[in-house]
Trainee: 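What follows is a single structure, and I will ask about it in a moment.
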Amino acid sequence: MNVKENAAIIEDSIERACSKVERNPDEVTTIAVTKYVSTERAKEAIEAGIVNLGENRKEGFLEKYSQIKDEAKWHFIGSLQSKKVKDVIGQIDVLHSLDRKSLAKEIDKRAETAVSCFVQVNISGEDSKHGLEAENVLPFIQMLEDYPKVRVIGLMTMAPHVEDEEKLRATFRQLRALRDKVRNENMAHAPCEYLSMGMSNDYTIAIEEGATHIRIGTSLVGNETYGGE
Ligand SMILES: *Cc1c(COP(=O)(O)O)cnc(C)c1O
C-alpha cells in the first residue's frame, strides 16, 4: 500500500481511539519514522500530509534532511552520542532521546537557540532500553535548569515488545503520571506538556492513555523489505 492509504487508515484509528476517551485528534501529532526507508518514500509521507519525520541515526537523518530540509519538521528519536550533537543540533526540531547530563551539556554548548527535548524514560526497566529510570526523572529535569538551551517539552518512552495490552497500558499510564508530576512543578525550563509514546503496534493504546506524539514507521511508510516501492 502507498503511504497515503496507510496514512488514511492510521488517521481513522487515531480518530476512533480519541473518541473512545473523548480526546480531540488535533492533540495527537503523527511522526512518520523513516529510518527503514528511502528519501523518496519519506517524501511520499509529506505528500500525504505528514510533515513530522523521525530518524534515529545521524547518517540517515542527514541524508534525508539534505534533500527535504524545511519541507518537514525533524524529530531525532534515537540515542544520540554526544560527539554527534554538533552535526545535527542545528537541523533537528525536536529531540526525543535526552537521557543523560553529558548530552544536555553538549547540547547547551553547541545549540544556538533552545532545543525542544523529550526526556527518555525506561518505564519497563528492560536492560535493552535506553532512558532514565522513573525515580530519577524529576531530579534529572530539575538539574537541567543549569543548561538553558535545553527545554523539556515532555517525556518519551518505548513500551516493551509484548502482546499483553494491560502491560502496555500500564507502561503508558506510568509515563503519563510522571509527566503530570513534572508538569506540576511549573519549571520555566521544563513545561513538560507532551507524551511521546506509541509505535506501529501500540499507538491506539498509547493515545487512549494520553499520547500527544506517536512515532510510526512500519505501518505508515513500511520497512526495508516492503518500503520504497
Ligand atoms: C523505529 C522506531 C519507531 C517506529 O517503530 P515501528 O514499530 O516501525 O512503528 C518508533 N520509535 C523509535 C524510538 C524507533 O526507534
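Numbering of residues begins at 1 and proceeds along the displayed sequence. When a ligand or atom number is given, it counts from 1 through the structure's own listing order. Every heavy atom of this structure was used, including side-chain atoms; hydrogens, water molecules and symmetry mates were not.
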Trainee: With atoms numbered from 1 as shown, which atoms in ligand 1 lie under 4.0 angstrom from a non-hydrogen atom of Ile216?
Mentor: 9 (O)
Trainee: Just which atoms of ligand 1 are under 4.0 Å from any heavy atom in Arg215?
Mentor: 4 (C), 9 (O), 10 (C), 11 (N), 12 (C), 13 (C)
Trainee: If I apply the N/O under 3.5 Å rule, does Ser219 come out as touching ligand 1?
Mentor: no
Trainee: What's in the same ILVMFWY side-chain cluster as Val33, cut-off under 4.5 Å, chained through other members?
Mentor: Ile77
Trainee: Can you sort out which atoms of ligand 1 are near Lys35, meaning under 4.0 Å from one of its heavy atoms?
Mentor: 1 (C), 2 (C), 3 (C), 14 (C), 15 (O)
Trainee: Of the backbone atoms (N, CA, C, O) and the side-chain heavy atoms from C-beta on, which set of Met158 has a member under 4.0 Å from an atom of ligand 1: side chain, backbone, both, or neither?
Mentor: side chain
Trainee: Which residues pass the salt bridge (Lys or Arg N to Asp or Glu O under 4.0 Å) test with Lys105, not counting sequence neighbours?
Mentor: none
Trainee: Does Asn56 reach ligand 1 with a nitrogen or oxygen that is under 3.5 Å from one of the ligand's nitrogen or oxygen atoms?
Mentor: no
Trainee: Is it true that Arg110 and Glu106 make a salt bridge, defined as a side-chain N closer than 4.0 Å to a carboxylate O?
Mentor: yes
Trainee: Please test Asn6 against Val221 for side-chain contact (heavy atoms from CB on, under 4.5 Å), starting from the C-alpha separation and ending with a verdict.
Mentor: CA-CA 8 Å; Asn6 291 337; Val221 292; over 6 Å; no
Trainee: With atom 9 (O) of ligand 1 as the reference point, say which of Ser200, Ser97, Ser196 has the nearest heavy atom.
Mentor: Ser200
Trainee: May I ask you to decide whether Glu185 forms a salt bridge with Lys181, counting only side-chain N to carboxylate O separations under 4.0 Å?
Mentor: no
Trainee: Between Gly217 and ligand 1, is there a nitrogen or oxygen pair with a distance under 3.5 Å?
Mentor: yes
Trainee: Heavy-atom contact check, 4.0 Å cutoff: does Tyr203 meet ligand 1?
Mentor: no
Trainee: Counting N and O atoms only, with roles assigned by atom type, does the side chain of Thr218 sit under 3.5 Å from a partner on the main chain of Asn223, one being a donor and the other an acceptor?
Mentor: no
Trainee: Around atom 5 (O) of ligand 1, find the nearest protein heavy atom and jot down its residue, atom name and distance.
Mentor: Met199 CE, 3.6 Å
Trainee: Do me a favour and list the nearest non-hydrogen protein atom to atom 12 (C) of ligand 1 with residue, atom name and distance?
Mentor: Ile77 CD1, 3.5 Å
Trainee: Go through Val119 and Cys117 one step at a time and tell me if the side-chain contact (heavy atoms from CB on, under 4.5 Å) criterion holds.
Mentor: CA-CA 6 Å; Val119 168; Cys117 299; 5.8 Å; no
Trainee: Note the single closest protein heavy atom to atom 8 (O) of ligand 1, along with its residue, its atom name and the distance in Å.
Mentor: Thr218 OG1, 2.5 Å
Trainee: Kindly determine whether Asn56 and Phe61 satisfy side-chain contact (heavy atoms from CB on, under 4.5 Å), including the steps that lead there.
Mentor: CA-CA 7 Å; Asn56 68 337; Phe61 163 66; over 6 Å; no
